[in-house]
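Numbers restart at 1 for each chain; the letters A, B, ... are given by sequence-line order, proteins then strands. Not measured: the values here are computed from a predicted model.
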Protein chains: 2
Amino acid sequence: MSVEEIQAAQTMDRLGLLLAHHGTVAQVRVRHALGVTGFGARHAVTLMHLAESGPMGQQALIEALGVDPSVLVTVLNDLERDGLAERRRDPADRRRHIVEMTEAGAGALTRVHDALTEVERELFGDLDQDEIEHLHRLLSRVRTTPEEQACTEE
Amino acid sequence: MSVEEIQAAQTMDRLGLLLAHHGTVAQVRVRHALGVTGFGARHAVTLMHLAESGPMGQQALIEALGVDPSVLVTVLNDLERDGLAERRRDPADRRRHIVEMTEAGAGALTRVHDALTEVERELFGDLDQDEIEHLHRLLSRVRTTPEEQACTEE
DNA sequence: TATTGTTATACTCTATAACTATA
DNA sequence: TATAGTTATAGAGTATAACAATA
C-alpha cells in the first residue's frame, strides 16, 4: 500500500478495526447490562446454549461456544455458585461432567434476554428492522472460527 | 419474553452477542497480525489518525479515538519508545503535548495496513466486495459512542 | 498413553481515581 | 480552581502450560 493511499484512508476505513472496536464496546455494554447478576457475555451465551440444547458434556460446550476449556471452567463455576447450572459426573465415563441448566437458570435467562434487548436497542437504534437483519446475516458469515482451510499459501 | 420464545432462540440470534463475539475475535486477530511490532489495534488506530490529521494535542486525540486518557498515555509511551511518534510540549501552553508521527512511524503504518489487509482477508473471505462494503456501512451506523440522548425513559 | 476437566499464570484491554504541572 | 497529562490500580477477557483423575 502506498503512502498516498495510506494518508487518504480515513481511520475507520479498515473494517477489521471497525469490527474490533464496535465489538469491544458491545461486550462492555452487555456486561454492564447483565451487571446486576454479575456476569458477562460468556455466561449469557453458555446459558442460552444449555437452554437450547439441553444437558451436555463440557467438551461439547467448548466446541459449541468456541471457548477455551479454562474459560468454560470459570464460567461454569460462576453459574454453579449462583445455582443457575449444575455439573454432575457421567456414570458411563467418570472423566466427563454433564452440565445442565437449573430452573433458576431458566429464570435468569429470561432476565438475560431482556437485558440484551435493551443493549441492542441502544446499539442498533439507528437501523431499521430490515437493516438489522441484514447486518445479522452479514456478521454471521464473518469467519471467526480457527481456520481449517487448505494451506494455499504461507 | 416467554420461555417458549427463549428456548426457540438460537444462541447467536442475539445480534449484540454476535457483534461482541466477532469483535473480540477481530481484536485478537489484529493484535496477532501486528504482533511482530508488538502493538495492538489501539496503536494502529492512533498511528492512522496521526497520519490522517497531522500533529495534534493529546486531548484532541482522546476525543477523536474515543479512548480514555490513561489508555492514550500508554499507547503513546509505546509508540515513542519505538520511535514511531513524538511528544513535544506546546510552547504556548506548557501543559499540552503535541503529538507527531515520525518518519519511522509512517513506515510502520505501511506494515500496519498490510497486516490489516491480511486479517480482513481472513475474516471477510466469505463475503464479496459488495457485501463487505454493505457490512461496513451498516457497522458504521452502530451507536458505540456514549449516549447523549434525551432521557426518554428509565 | 490419551482424554476430561482443573488450576495457575501471564498478558491485554478497559476504567477509575489520585496525582503533578501548569494555567 | 480548572485543565493536560500521568501514574497506580482493579477488573474482565484471552491464552498457555502444567496437573489430577479416569479411561
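Summarising the geometry, the separation between CZ on Arg29(B) and P on dT14(D) is reported as 13 Å, rounded to the nearest angstrom. Rounded to whole angstrom, the span from the CZ atom of Arg31(B) across to the C1' atom of dC11(C) amounts to 8 Å. As rounded to whole Å, 9 Å separates atom P of dA4(D) from atom CD1 of Ile62(B). The distance between atom NE2 of His21(B) and atom C1' of dA12(D), rounded to the nearest whole Å, is 16 Å. The interatomic distance linking Asp68(B) (CG) with dT12(C) (P) rounds to 19 Å, in whole Å. Rounded to a whole Å, the NE2 atom of His43(A) is 13 Å from the C1' atom of dG11(D). The interatomic distance linking Glu80(A) (CD) with dT6(C) (P) rounds to 8 Å, in whole Å. Atoms CG (Leu17(A)) and P (dC13(C)) sit 12 Å apart, rounded to a whole Å.
Relative to the side chain of Asn77(B), the nucleotides dA21(C), dG5(C), dT7(D) differ in distance, and dT7(D) lies closest. The side chain of Val28(A) approaches dA15(C) more closely than any other nucleotide in the set dT3(D), dA15(C), dT7(D). Comparing dA21(C), dA2(C), dT6(C) against the side chain of Pro69(A) picks out dT6(C) as the nearest.
Checked by atom type, the side-chain pair Arg14(A)/Thr117(B) shows a donor-acceptor distance below 3.5 Å. Inspection of the Asp78(A) and His43(A) side chains reveals an N or O donor paired with an N or O acceptor under 3.5 Å.
For Glu86(A), the salt bridge (Lys or Arg N to Asp or Glu O under 4.0 Å) criterion is met by no residue, not counting sequence neighbours.
Looking at heavy atoms from C-beta onward, Thr46(A) lies out of side-chain contact with Val99(A) at the 4.5 angstrom threshold.
The shortest distance between the side-chain N/O atoms of His32(B) and the OP1/OP2 oxygens of dT14(D) is not below 4.0 Å. OP1 or OP2 of dT14(C) lies within a sub-4.0 Å distance of a side-chain N or O belonging to Arg42(B). Taking only side-chain nitrogens and oxygens, Arg87(B) comes nearer than 4.0 Å to OP1 or OP2 of dT6(D). Distances shorter than 4.0 Å separate none of the side-chain N or O atoms of Gln59(A) from OP1 or OP2 on dT3(C).
Below the 3.5 angstrom threshold, one finds no donor paired with an acceptor across the side chain of Arg94(A) and the base of dT22(D).
Position along DNA chain D of the nearest nucleotide to Ser70(B) versus Gln27(A) favours Ser70(B) as the more 5'-ward residue. Along DNA chain C, the nucleotide nearest Thr24(A) and the nucleotide nearest Thr74(A) are compared for position; the residue whose nucleotide lies closer to the 5' end is Thr74(A).
A salt bridge links Glu131(A) with Arg141(B); the closest basic N to acidic carboxylate O contact falls under 4.0 Å.
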